[in-house]
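In what follows, a structure is listed as structure tokens, so that the remarks can point back to it.
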Amino acid sequence: MSEQTSNQLSWPFREAERVAARLKEKGKTSALFETGYGPSGLPHIGTFGEVARTSWVRRAFTEMTGLPSRLLAFSDDMDALRKIPDNVPNKDMLKAFLGKPLTQVPDPFGTHDSFGAHNNARLRAFLDSFGFEYEFASSSDYYLSGKFDDALLHVLANHDQIIEIIRPTLGPERRATYSPILPIHPRTGIVMQVPIERADVATGSVIWVDPDSGTRFETAVTGGAAKLQWKADWAMRWYALDVDYEMSGKDLIDSVKLSSAIVRALGAEPPVCLTYELFLDENGQKISKSKGNGLSVEQWLTYAPPESLAQFMFHAPQRAKKLFFDVIPRAADDYINGVVGAREATDPHANPAWHIHGGNIPVDAGSPIGFTMLLNLASVINADSPEMLWGFIRAYLPNANAQTYPFLGQLIQYAIAYNRDFIAPNKIFRDATALERVGLQDLAARLAAGFADYPGETPAEQIQNMVYAVGKAHQFAPLKAWFDCLYQVLLGQMEGPRFGGFVALYGVERTISLIETALARETQAA
RNA sequence: GAGCCUGUAGCUCAGUGGUAGAGCAUUCGACUUUUAAUCGAAUGGCCGUGGGUUCGACCCCCACCGGGCUCACCA
């Protein structure tokens, strides 16, 4: 990487530089990237964004340093079940397990050993569906297997100091009871938020009193008998695993600061952290799983390929962006243009497509036709099958089909869906005038009777001539008014395709029913 | 109260120190037995305001104004 390009690095490379600097300072020769997952929910669009972005930094790090690295996807499945989620069955059953670690709660779906295991499986399936390279890690596994024991004892030794870091940030009630160590009740299995009477470094345990029974307990901090409160948990994990890089949303800025302070209290340096801006819905509100606003991954992937979602996530992570249906076509075209640009560029490292494809852009990536153009075309010809679009496209790309242009083939499917759900419903269909009704009825009748007698080399030309003849027969003046009628009454748009070609591709029978539908609609309205 | 983002063409937004950009919209033109996707061109900007740094600032620094979000219970 030359000096000249260093000031135009794309953000993953800038982040990778920071990671490389940290490793150099610490004398490390491999990097650990981490992404974390809260227990409350299923994978969502933010999950995709976080893993994709972290993967790009990791890829840039590899490109830049040649050093090995790992990406750990860490699930907080030891966290307590705090409330019953809305979107699960067997809610009554779950009530008895409130407050217990998720891996100790039965799976309400009945498909896995625990609710935690269920959520973990969903997360992994989600990540795998995009082909992310990562290692999965379960908090419960780490706690129970003793992998955190040394770090937990170190936390215990610094118990008072950690309390002093957190305490000023808490409200009065919580301030009185706060401890970073949450013992798990030996009888009920509930994660307890109780005052710690004494932190016994010698025995590696905490003394606490059950507020319900008044019973005093001594609980080891190791081996999964206790867990840590969230901010301390994050810090301990950074410390125990020596995490080098982790990103998080701006809603966690304060948590990052506090966790970093705790890590320093433990005598280590926090990882390189990146704060990204949140995703907003069309009203500028934070996208929230519980509110269900904004756009889901499934919805996005109904209307555009995964690469376009990656493109959206690539651009300016530190800038807030509205995440709604309107942004999809542009993201798709930005990606397509990026593929072209990356192929032409002498240094492709700044190009999103380079990152999206992990440095190796497939030969059949990209498309000779942009997504917006496909949407226009789909709208104009009212396309509801891929073959209709291919038919028009072949006028310009004679050999085009789903085999020769596989990515274009995908885009066509997406364009049809987008047109069906967002463009077609908003079309304005004008009512036919009395003269136009007669003309349309005549056209439907002639279509049904066949058009072999009309001049023309192809069916499309024959139909075109027939349509022309109908317009003349009913004395439309100017003749353009007849075609305006066809587009505005039948297709709901001001202008449209050459009608003969449209009918040939759309189908005679379906065109007839299109006419019948239009005429029936007016009868109903009247 | 603390923090983050943001202000650039009519709209949505790119643009990290060297002559202000794209898409859409608008207008005109080309192509087509009438009509479309398309193609070509034009129009359109005190880059929020005021200072500072610099040979040079949309860009860096400071202040102010406007728009918006997040956190202050849990994670």
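Worth knowing before you read on, the calculation uses all heavy atoms, side chains too, and leaves out hydrogens, waters and symmetry mates. Being a predicted model, the structure only gives us computed values, none of them experimental. All chains are named by letter (A, B, ...) in the order of the sequence lines, taking the proteins before the strands, and each is independently numbered beginning at 1.
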In whole Å, measure the gap between the [atom1] atoms of [N] and [M] for me.
N      : M      : atom1 : value
B/rC58 : B/rU6  : C1'   : 14 Å
B/rC47 : B/rU16 : C1'   : 15 Å
B/rA36 : B/rA25 : P     : 14 Å
B/rC60 : B/rU38 : C1'   : 44 Å
B/rA42 : B/rU33 : C1'   : 31 Å
B/rG50 : B/rC65 : P     : 15 Å
B/rC69 : B/rC28 : P     : 41 Å
B/rU8  : B/rG21 : C1'   : 10 Å

Ring centers of [X], [Y] separated by less than 6.0 Å:
X      : Y      : value
A/H355 : A/F13  : yes
A/F371 : A/Y414 : no
A/Y468 : A/W482 : no
A/F115 : A/F97  : no
A/Y37  : A/F126 : no

[atom1] of [X] versus [atom2] of [N]: gap in Å, rounded?
X      : N      : atom1 : atom2 : answer
A/Q488 : B/rA36 : CD    : C1'   : 14 Å
A/L278 : B/rC4  : CG    : C1'   : 9 Å
A/F483 : B/rU33 : CZ    : P     : 11 Å
A/F312 : B/rA14 : CZ    : P     : 10 Å
A/R319 : B/rU12 : CZ    : C1'   : 13 Å
A/D334 : B/rA14 : CG    : P     : 10 Å
A/F499 : B/rU32 : CZ    : C1'   : 17 Å
A/K231 : B/rA75 : NZ    : P     : 7 Å

[X] side chain: which of [options] is closest?
X      : options                : answer
A/W230 : B/rA75, B/rA36, B/rC39 : B/rA75
A/I253 : B/rC4, B/rU33, B/rC71  : B/rC4
A/R14  : B/rG3, B/rA36, B/rU16  : B/rU16

A/L182 or A/E277, whichever maps to the more 5' nucleotide of RNA chain B: A/E277

Starting at the 5' end of RNA chain B and moving along, which residue's nearest nucleotide shows up first, A/H315 or A/Q318? A/Q318

Sugar-phosphate, base or nothing in reach of [X], heavy atoms under 4.0 Å:
X      : result
A/R498 : base
A/N465 : base
A/F502 : nothing
A/L486 : nothing

Can you classify the ring geometry of A/H474 versus A/F476 as parallel (below 30°), tilted (30 to 60°) or perpendicular (above 60°)?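 Because their plane-to-plane angle is over 60°, the rings of A/H474 and A/F476 count as perpendicular.
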
With A/W300 as partner, the option from A/F324, A/F312, A/F48 fulfilling ring-ring contact (aromatic ring centres under 6.0 Å, His included) is A/F312

Given Watson-Crick and G-U pairs under 3.5 Å, RNA chain B in dot-bracket ([ ] crossing, | other strand) is (((((((..((((....[..)))).(((((.......))))).....(((((..]....))))))))))))....

Does A/R330 have a side-chain nitrogen or oxygen under 4.0 Å from the phosphate oxygens OP1 or OP2 of B/rA14?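 A/R330 to B/rA14 OP1/OP2: no side-chain N or O under 4.0 Å.
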
Using a cut-off of strictly less than 4.0 Å, decide whether A/Q229 has a side-chain nitrogen or oxygen near OP1 or OP2 of B/rA75. yes

Polar pair under 3.5 Å, donor/acceptor by atom type, side chain A/K250, base B/rC69: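 Answer is yes: a donor-acceptor pair is held.
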
Exactly one of A/I412, A/L408, A/V340 clears side-chain contact (heavy atoms from CB on, under 4.5 Å) with A/S367, and that residue is A/L408

Check each of A/S139, A/S140, A/S114 against A/D77 using the side chain to side chain donor-acceptor pair (under 3.5 Å) test, and report the only one that passes. A/S140

